[in-house]
Each structure stands twice: as C-alpha cells, then as structure tokens.
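Just so you know, these numbers come straight off a predicted model, no measurement behind them.
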Amino acid sequence: MAFEIPGLDPTAVAEVARYAVELWHEHRIPILLSTVFLLGLLRTYLHLYSEPRQELLVLPTIYETDKKTKETALVEKEIKDKKTGVETTKKEKASNGGPKRIKGDKVRTKKGANGNDSGSESEGPRKIQVLVFYSSLTGNTERYTKDFAKELGDLLVGQSDAESKAESNFLAPQVLDLAEIDYDEYFLSTPKAAADGPVDYFYLLIIPSYNIDSINDTFLAHLDETHHDFRIDTSPLAPLLGYSVFGYGDRDGWPTEEEGYCVQAKQVDKWMAKLTGRKRAFPLGMGDYKRDGKERLSEWQTGVVDVLKMIEQTGSLGEGVPGSGEPIESDDEDIAEDDGEVVYEEYESKKTLEDVEDLGRIIKQSQGDGQAAPIAIDFTDFGKTGKTVRARKTATVTVKEMVPKGSPTYTSLTKQGYAIVGSHSGVKICRWTKSALRGRGSCYKYSFYGINSHQCMETTPSLSCSNKCVFCWRHGTNPVGTSWRWVVDPPDLIFNGVKENHYKKIKMMRGVPGVRAERFAEAMRIRHCALSLVGEPIFYPYINEFLGMLHKERISSFLVCNAQHPDQLAALQHVTQLYVSIDASNKESLRRIDRPLHRDFWERFQRCLDILRERRFRQRTVFRLTLVKDFNLEDEVEGYADLVEKGLPCFVEIKGVTYCGTSTAGSAGLTMANVPFYQEVCDFVVALNKALNKRGLKYGIAAEHAHSCCILLASERFNVDGKWHTLIDYEKFFNLLEEKGPDGDFTPEDYMGAATPEWATWGNGGFDPRDQRVDRKGRPIEAP
C-alpha cells in the first residue's frame, strides 16, 4: 500500500515529487558548488572570529606547553648569608617546563636514561635496577655472582629495616644466567619497565673466559650480529644508565692478556661499549679465580658502588676525557673507532701528504736527476690527516672443538650416559632398546612404522642446537649456536665411532637379568638409526655423506629437525622418514617453549613448512607435536590445524611431554604438573582431527601407543581398502635408493609397508602382544 498524507491529493503529491526530481537533475551541479562555497565561508568565519581553542597535540613533546608553564611563577627562597647571618628573601623565576638551571647546593633532579627529568610529580621517583649477568660451566662463577649480588644489594639498598629499603632509589639487584635468558629481551633493547613505576637499568656482567665452546661464544655472536644488523639502531642499549664488565681468567693457562687472559670478558666489554653508545661506567675488572679473584672482584665492586651512588645523585655518568667509553682501549691515542679493522700510525717522513697537489713535489724530489723511477703511491694508504694505514695485528683465530675431552660439557654428557664421538657427535642407548632386549615393550616407532627397538641406534652428528627448549631432555648441557663455528669431523670417523660405541653399550646389557638371547643376537646388527638424540643433526655440514654411509649398510634413517635451518633442509637428500618438530602453533608460543636463538625464528619455521609441503610426494614427512600442559595444549588446536594445512605432512605424531627431572629453564622450568594425562592427549587428537576434516583435509587417527602417550594421525594416502598402512617396507626403500640414487624421484607410497597391526590401531593401546608389560618395579601388568 502506497504512503498517503491525509488531506492532500495523491496526484498532486506525485506531481510535486516528479517536478523536484527534474529540477535536481537539471541544476544539481550549481547547487552542489554553491553548497560547498557556503560551507567554506562558514568555516572561515568560525575560524577567524570564534574564541581560540587549545592547541591540539598530535605528538607528545618533551616539555609541556600548558597555560601554567607559560606563566612565570615567583618562588620565594630563603637564603641566609653565611658571613653576616642576615636572612634575605630572593625572588627567582622558575618555570615548570624546560630544563632547570641548578644553583648552589640545591639537589639535582635525577634524570632518566633518555635525559629528561624523571623525578616529576606526574611520574614519581625513578628507581634504579641493577641487572647482574653471568655465565658458568662449572658453577663457580654462579656462586661468586650470587654472593656478589647479595653484597651489592646490601650496599645499595640497605640491610636493616623495610622502611629504609622502601625509601631507597635502588631496587634489589637481579641475577640472570646468560644460558637461560632471551637475548633479544635484554640486549636488543632495554627491558620493559615494571608496571609499578619508571625504572632505569644498569648492567653488570661477570664473564669467565673459556678456551672451549660455551654460552659465551653464543652471547658474543649475538652482540656482534646486533651491532652489524642494519635493521637495528647503532646503539640500541643507549637508554641504559651504564654498564661494567668483570672477567675471570686463569693465568696458568693464559699468563698474559695477549695470550687470551680474560679475552672473552674484554670482547663483551668492547661490544657493550658499541651497543650502549660508550656508556662504560667503570673499567673492565679482571681476576684469576685461583689466586686474586675475590680481591679483584671486591675492588671492582667498590668502584661500581661509587659510580651507582653518583648516578643516584646526578642522574648521569658525568663527563669524561676524550675517548671515554670507547670500545677499544689502547695506549695509542690516534686509534679511530672503525670496528677494529685498521689503525693509524704516523707517516715516517716529516713531509706528510697534506694535499693531492703535493704529489708533484714528492715525485720530483724522489726522482732527483730523473734517473730514479717514480715512486708508487697508493691512495688507499693515507688517512684524512696524512697517516698511513696498516692492518691491525690480530691474534691467530683458533677453531674450537664443540665438546673437547675434559670440558664440563663433556663430563656432564658422559655422566648422562652419552658416548662422545670425535668432537661434536654422540650416541646413547635408548631406554626402549633396553626394554625391547628384555621383552618389556618397544618404542612407539615399532607400533607405527615397524622398527625393531633393539636394533635401533640413537645418535646425532651434531650435539649443538639452535633452540633451548624448556622440555629438553639434556637439561641444557649441550652446546647451542646459530651457525657452525667448530672443528668439523669427517663423516666416516663419526659413522665408525657411533657404531662402535653403540655395540659397546649393547654388550654391556648381556648380563642384565631378563635379556632375551635371540634379541641380544639381533641387536648386534644395527638396522635403524634415529637421528634425534640431541642437538640438530641437520646442522652437521656433511649430513648427506653421513646418511649415505647409513644407507650403504642398509640402515634406515629417521631424521628429526627443529625447523630452524631451511637451507640445510632444502639441500637434504632422501631419508627414510623426515621429522619436523612443531612445538607451538604461533610465534609467541614458539618463542616461549623453544626459546630459539635465531631472531627470524618464525620466518625460518615457515620456510621449513613450505619445503615439507614441496617434498610430501618425494619423502615420508612427519610433524611431531610435543604437548606441554599450560604451554601449548590449551586453545591451540586451530593453530596446529593451520600449520598442518600449510605443510600437508604424511603423518602427524602427537605426544605428551616426558618429564626428565627438574629442568634448568629457570622460571619456565617444567614440573610433573606440565605432563598431560593420556586422556588429555586423546581429546586433543580428536579435536585436531575434527579441525582438519572441517578444512577438507583427509586425515584420520591411524595408530596409538598408550604407554608412550603418543598417537598417530595419517593422511588418507596411506589408507588402502579401509586399512591403515603406516609401516615401512625397508627393503623396498633401499632398493629404490640404489636404483634411483639419493636424489631419485620416488614417492612414499612406493615403499609403503604392510597393514598396521590390529593391536597398534586406534583404540587398542598399541602394546606389542609378544612382550610383557611391567610396572616401575618390574612386576608384570596383566592385560585388561
């Protein structure tokens, strides 16, 4: 029904509307222009004749320009003449905004790291937080540092009543282990201030020097990379109040500084000078931990306390002579800061080259009567002041061994049951190997892929890793690094060494009660190799040659990587099965769990997933998900499904984390509370499978191994006639490898094995019925 206005003729209304539309179409341009013009006039009138408005601040300014600061306030100050004793009243002009001129004995306003007044009423008094960093392999430096920090806190904060501590401008010093912290949080920028008020930071670093690979090398590499990264400001740590370094050394091993005494502490001091913008607050301290270490540390502590007290009063380090805070300390006053590449020395001749025009005079004098040949002049040999340039005499660079014999790392790893091969490889007998020898159950790889656990060797050609995972089985004792910087052992030395040591450890089982003779005999023939012991196997420069030696003896290869080395992954040749650890579904969670050393860890992670997607029809690819309660188990199903959709692996292994004692991951250390129950893992797998199917991805739950808390999702590519075929035909794999080569074109389906045993499929537990399951005390457990 049409809208009608009572009392009006509908025909007349329609006629008026039609006329209005025709008028608009005929004169709409003049109407629009006139409207814009009138609005402009109105805007101009309001702008010129209306009352002035307050200034709109788009960006914050250093000094406030409000009305109060523009008005000069008269401050009456009582001044007593010391000579006459007469009190006079002096009127001073004081401005609340802008810098203040300090006169007399008036207390100076403390300044923050950015140089602005920080003691204003709006912000409140700024606190000074001293952070004490240390590194330690043997534990001695850790003990010295904690004692030092306690004494320093007593000197700065006080040790009496709580009221005096609350009034102090210093917070209690914090002690941080360089092996546990995130470098980007402390050495790429200053830490974020606490929510309870503004805080300025002061860094102290206590660094022992080692002639073996240690966390110091990783830390120095980080400082070097930060300084030379064009994406980062030249002095990212400039907001610090200052820093100082103390080094521990051993004069028995390094008698002089030139030979390496406290060399790593000196290097840290140099890089910190560059990154802080020359804020060395106190000279580098050095002490021999066997002789005068405590005395030198005490002297250094006294100097540091004096500097901190001065900063408390003045808010800065004060003025220094030219060259104060330079990265390189030297007796040569003419050294220029150019990253230590060249230094300058006086030109031997008094007739220095001041201008290019002087070349003629020099050449003429050198030729004499014209008989002598003209001198050769290298324009690159002269600096701005006519000084020749020579290469700095540098110490001979010695490539270190990753894990030298007798080192604390070597001792710790061998104590854990490792056999160190060469300088960077290791082998260890797996607990499932011991269990299988005694007929007490095999690894989940037997249920899923048909690996005989008693014929499997667990090893790695690289003990070093690029992550410091919170759930690492090795308690952080293995070396870490982002690039290979150690001696490289040949692959044949590693291959022969790991086999020899594996067989030695198998032979040690011959007297263990319950070992089955037939399995012991079979164990003396290695059939499988799990390159997942510790570290990053793909990090080894000759990993392909090592794999070739395994395959030549028909030993299958199960290689695990942490998705941090995409270039090495792209160059990898055929392996029997390729794993990638997927420990989190997003960037922040991955940073928290894996604690990667690479700054571009997420980009590397994504590139590795792209590589796996490309190889899904050439190799058997597996995503390994380690679930850690309160870390990556809750609310991350959809994120994991996105990663599976990106990489499209052949299989997805979901496993609950294994608790191996107290982790050394500091505040992120694991406890038994972080280990999920098997039912929680099952619920997660069901939810993940549902999320994958919702995306149209054809995956299903293929197998389980309940006593390993592990479940396998498989692509429908391995479901034949309604049955899962997750096992591997190893003989077929080696035949294809020999026929088509390590880079040959064959698919995972080409060496797909027989159907997965019924007892290993989803819902049946996955325990081998040939074996006897026992409890922790070795008592048999009856099957339900």
Side-chain angles (χ1 to χ4, degrees), residues 1-72 95-98 114 116 120-123 192 195 231 233 584-591 600 602-603 605-607 609-610 613-614 616 632 634-648 683-684 686-700 715-716:
M1 179 179 180
F3 177 74
E4 296 181 358
I5 301 178
L8 292 179
D9 185 5
T11 305
V13 173
E15 186 66 22
V16 171
R18 184 185 61 79
Y19 176 74
V21 171
E22 290 179 356
L23 185 65
W24 165 253
H25 284 296
E26 184 176 356
H27 302 286
R28 63 179 180 273
I29 294 178
I31 294 174
L32 290 175
L33 292 177
S34 301
T35 303
V36 172
F37 178 72
L38 291 175
L39 290 175
L41 288 178
L42 179 62
R43 175 73 174 86
T44 304
Y45 174 80
L46 294 176
H47 181 73
L48 294 176
Y49 297 102
S50 60
E51 294 183 0
R53 296 177 298 171
Q54 293 184 351
E55 180 183 359
L56 177 62
L57 296 178
V58 180
L59 296 174
T61 56
I62 296 178
Y63 304 109
E64 297 293 338
T65 58
D66 56 6
K67 187 175 181 179
K68 291 184 179 180
T69 61
K70 293 180 180 179
E71 298 179 357
T72 304
S95 175
N96 291 332
N114 57 3
N116 299 332
S120 61
E121 293 181 0
S122 61
E123 290 187 357
K192 296 180 181 179
R231 301 167 296 178
D233 183 65
S585 64
N586 57 74
K587 184 176 181 178
E588 290 307 315
S589 183
L590 188 67
R591 183 199 300 274
D600 57 341
W602 186 249
E603 290 74 16
F605 182 83
Q606 295 291 331
R607 285 178 57 196
L609 298 190
D610 292 336
R613 184 186 182 97
E614 296 173 0
R616 68 186 187 279
N632 63 355
E634 297 81 7
D635 304 325
E636 293 201 22
V637 169
E638 294 297 328
Y640 279 117
D642 292 338
L643 296 180
V644 173
E645 186 176 17
K646 182 180 181 67
L648 295 178
D683 295 341
F684 180 91
V686 171
L688 178 59
N689 186 54
K690 183 178 179 181
L692 295 176
N693 292 333
K694 185 174 63 177
R695 287 167 167 77
L697 304 178
K698 297 181 179 180
Y699 285 86
S715 170
E716 290 288 345

- Arg28 side, atom CZ; Leu33 side, atom CG - distance, nearest 0.5 Å: 12.0 Å
- side chain to side chain donor-acceptor pair (under 3.5 Å) with Arg607: which residues, sequence neighbours excluded? Asp567
- Is a side-chain N or O of Arg613 found less than 3.5 angstrom from the main chain of Leu648, in a donor-acceptor match? no
- Value rounded to 0.5 Å, distance of CD in Glu638 from CG in Leu688: 9.0 Å
- Under the salt bridge (charged side-chain N to carboxylate O under 4.0 Å, His left out) test, residues paired with Glu26 that sit two or more places apart: none
- Query: By side chain to side chain donor-acceptor pair (under 3.5 Å), which residues pair with Ser585, not counting sequence neighbours?
  - Reply: Glu636
- Message: So for atom CD1, which belongs to Ile29, do other residues, nucleotides or ligands contribute more than 12 heavy atoms lying within a distance under 6.0 Å?
- Response: no
- Message: Is the shortest side-chain heavy-atom distance between Lys646 and Asp610 below 4.5 Å?
- Response: yes
- CD of Glu22 to NE2 of His25, rounded to nearest 0.5 Å, is 9.0 Å
- Counterpart residues, salt bridge (charged side-chain N to carboxylate O under 4.0 Å, His left out), relative to Asp642 (two or more places apart): Arg695
- With sequence neighbours left out, what residues match Asp600 under side chain to side chain donor-acceptor pair (under 3.5 Å)? Arg604
- Heavy-atom closest pair, residues Leu590 and Ala584: N-CB, 3.3 Å
- Item | Contacts of type ring pair (Phe, Tyr, Trp, His ring centres under 6.0 Å), residue Tyr699, not counting sequence neighbours | none
- Task: Report yes if the side chains of Leu643 and Phe605 come closer than 4.5 Å at any heavy-atom pair, otherwise no.
- Result: yes
- Query: Within a strict 4.5 Å, meaning less than it, do heavy atoms of the Lys694 and Lys690 side chains meet?
  - Reply: no
